[in-house]
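Have a look at the structure below before the remarks.
Small disclaimer: the values here were computed from a predicted structure and weren't measured.
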Amino acid sequence: MKRTIRVLIAKPGLDGHDRGALIIAQALRDEGMEVIYTGLRQTPEQIVAQAIQEDVDVVGLSCLSGAHNELFPEVVRLLKEQGAGDIPVIAGGVIPQKDVEFLKQQGIAEVFTPGTPTKQTADFIRKLVAEKERQQHE
């Protein structure tokens, strides 16, 4: 029997809208994943501390405020700094297409924009975790 994938869903910064984060959290639970939702207005430091404490497989960040180019790379940087750089980070929210490549260059594994089917996100997470486990066994 495979273990349950653990995902931390976080809302960094001052963004006060969490409907999308709550929808993806419920969809991932429906897909059999364990989801920890941090709530609104989390700092990158709080998100990283929770990811490490909860021993998650993936961190999912959601941002609608436009601060994604600052906040998302900071989470990746802090994970590396704390020795948890092996935890992949995915992102979603209202992110202009022109920012997607920049975020990927900063270490974001994938960016999901509005309208992405939740099944596609869940399948990506499964693939990401399987690849990570494969690398750890090599």
Side-chain angles (χ1 to χ4, degrees):
M1 187 167 144
K2 289 188 171 188
R3 66 177 182 80
T4 302
I5 294 173
R6 294 173 53 86
V7 182
L8 181 84
I9 300 293
K11 296 284 301 176
L14 299 177
D15 182 357
H17 303 280
D18 66 350
R19 179 178 220 150
L22 293 172
I23 289 169
I24 195 65
Q26 186 59 54
L28 296 178
R29 284 184 188 111
D30 291 347
E31 289 280 339
M33 297 180 196
E34 183 178 346
V35 179
I36 299 100
Y37 176 57
T38 65
L40 293 169
R41 298 181 184 90
Q42 299 291 297
T43 66
E45 292 81 6
Q46 289 171 316
I47 293 166
V48 168
Q50 291 174 24
I52 292 168
Q53 179 182 351
E54 294 287 349
D55 192 27
V56 298
D57 297 296
V58 177
V59 172
L61 301 175
S62 171
C63 185
L64 303 172
S65 70
H68 50 269
N69 283 344
E70 293 78 32
L71 295 169
F72 293 0
E74 181 66 2
V75 170
V76 172
R77 185 189 73 75
L78 289 169
L79 282 168
K80 289 178 185 172
E81 186 179 276
Q82 296 289 323
D86 64 326
I87 301 174
V89 178
I90 61 171
V94 180
I95 298 169
Q97 196 59 43
K98 66 180 178 62
D99 293 344
V100 170
E101 190 57 37
F102 170 78
L103 291 171
K104 288 183 177 183
Q105 290 170 359
Q106 300 302 306
I108 303 299
E110 187 59 85
V111 177
F112 299 96
T113 54
T116 302
T118 55
K119 176 92 169 104
Q120 183 179 334
T121 304
D123 290 344
F124 183 85
I125 290 171
R126 283 191 196 94
K127 181 179 169 189
L128 196 61
V129 171
E131 180 62 31
K132 179 178 154 184
E133 289 177 347
R134 202 169 19 260
Q135 289 175 354
Q136 289 174 342
H137 289 100
E138 289 179 353

- line: Sequence neighbours excluded, the answer for side chain to side chain contact (heavy atoms under 4.5 Å, CB included) partners of Ala21 is Ile9, Lys11, Tyr37, Ser62
- prompt: Are Leu128 and Ile90 side-chain neighbours, meaning at least one heavy-atom pair lies under 4.5 Å?
  reply: yes
message: Please list all pairs meeting salt bridge (charged side-chain N to carboxylate O under 4.0 Å, His left out) that have one or both residues in residues 38-64, counting only residues at least two apart or in different chains.
response: Arg3-Asp57, Arg6-Glu54
query: Which atom pair, heavy atoms only, marks the closest approach of Gly66 to Cys63?
result: N-SG, 4.0 Å
message: Could you work out, with salt bridge (Lys or Arg N to Asp or Glu O under 4.0 Å) as the rule, every residue matching Asp18, not counting sequence neighbours?
response: none
- prompt: Going through the distances and angles, do Leu40 and Asp15 end up as a side-chain contact (heavy atoms from CB on, under 4.5 Å)?
  reply: CA-CA 7 Å; Leu40 293 169; Asp15 182 357; 5.7 Å; no
- request: Check Ala91 against Ile108 and note the closest heavy-atom contact, atom names and distance.
  value: CB-CG2, 3.9 Å
- prompt: Are Glu31 and Arg126 ion-paired here, with the side-chain N under 4.0 Å from a carboxylate O?
  reply: yes
query: Under 6.0 Å from the CD atom of Gln97, do we count more than 12 heavy atoms belonging to anything else shown?
result: no
field: Contact summary for Asp86 and Pro88, nearest pair of heavy atoms
entry: O-CD, 3.1 Å
query: So with a 6.0 Å cut-off around CG of Leu22, is the heavy-atom count from everything else above 12?
result: yes
message: Check for me, please, whether Ile125 and Ile47 land in the same ILVMFWY cluster - side-chain distances under 4.5 Å, paths through other members count.
response: no
- prompt: Applying the 4.5 Å side-chain criterion to the ILVMFWY set and letting contacts propagate, would Met33 and Val59 be lumped into a single cluster?
  reply: no
task: Tell me, with the steps shown, if Asp99 and His68 meet side-chain contact (heavy atoms from CB on, under 4.5 Å).
output: CA-CA 9 Å; Asp99 293 344; His68 50 269; 2.7 Å; yes
- request: Kindly give the heavy-atom pair with the smallest separation between Leu28 and Val7, and that separation in Å.
  value: CD1-CG1, 4.1 Å
query: Quick check: does any side chain N or O of Gln46 sit under 3.5 Å from a backbone N or O of Thr43, one acting as donor and the other as acceptor?
result: yes
Ala84 versus Ile52, closest heavy-atom pair with distance: CB-CG1, 3.8 Å
Arg134: partners by salt bridge (Lys or Arg N to Asp or Glu O under 4.0 Å), with sequence neighbours left out: Glu131
task: Determine the minimum heavy-atom distance between Thr38 and Ala10, stating which atoms define it.
output: OG1-CA, 3.3 Å
task: Indicate yes or no for a side-chain donor-acceptor contact from Arg29 to the backbone of Val35 under 3.5 Å, with no hydrogens or angles considered.
output: yes
task: Using the test salt bridge (Lys or Arg N to Asp or Glu O under 4.0 Å), find all partners of Lys104 that sit at least two apart in sequence or belong to another chain.
output: Glu110
task: Would you sort out whether Val58 and Ile87 count as a side-chain contact (heavy atoms from CB on, under 4.5 Å), showing the intermediate values?
output: CA-CA 6 Å; Val58 177; Ile87 301 174; 5.6 Å; no
field: salt bridge (charged side-chain N to carboxylate O under 4.0 Å, His left out): pairs with one or both residues in residues 60-71, sequence neighbours excluded
entry: none
task: Kindly work out whether a path of hydrophobic side-chain contacts (I/L/V/M/F/W/Y, heavy atoms less than 4.5 Å apart) joins Ile24 to Ile36.
output: no
Pairs of donor and acceptor atoms involving the side chains of residues 71-79, under 3.5 Å and at least two apart or interchain, shall be tabulated with distances.
{"residue": "Glu74", "atom": "OE1", "partner": "Arg77", "partner atom": "NE", "Å": "3.0"}
{"residue": "Glu74", "atom": "OE2", "partner": "Arg77", "partner atom": "NH2", "Å": "2.8"}
{"residue": "Arg77", "atom": "NH1", "partner": "Glu81", "partner atom": "OE1", "Å": "2.8"}

statement: Using a 4.5 Å side-chain heavy-atom cut-off and chaining through intermediate ILVMFWY residues, the residues clustered with Val94 come out as Leu64
For residues 114-121, run the donor-acceptor check on the side chains, cut-off 3.5 Å, and write out each pair with its distance to 0.1 Å, sequence neighbours left out.
{"residue": "Thr116", "atom": "OG1", "partner": "Thr113", "partner atom": "N", "Å": "3.4"}
{"residue": "Thr116", "atom": "OG1", "partner": "Thr113", "partner atom": "O", "Å": "2.7"}
{"residue": "Lys119", "atom": "NZ", "partner": "Asp123", "partner atom": "OD1", "Å": "3.1"}

Contacts of Phe112 that satisfy ring pair (Phe, Tyr, Trp, His ring centres under 6.0 Å) - sequence neighbours left out: Phe124
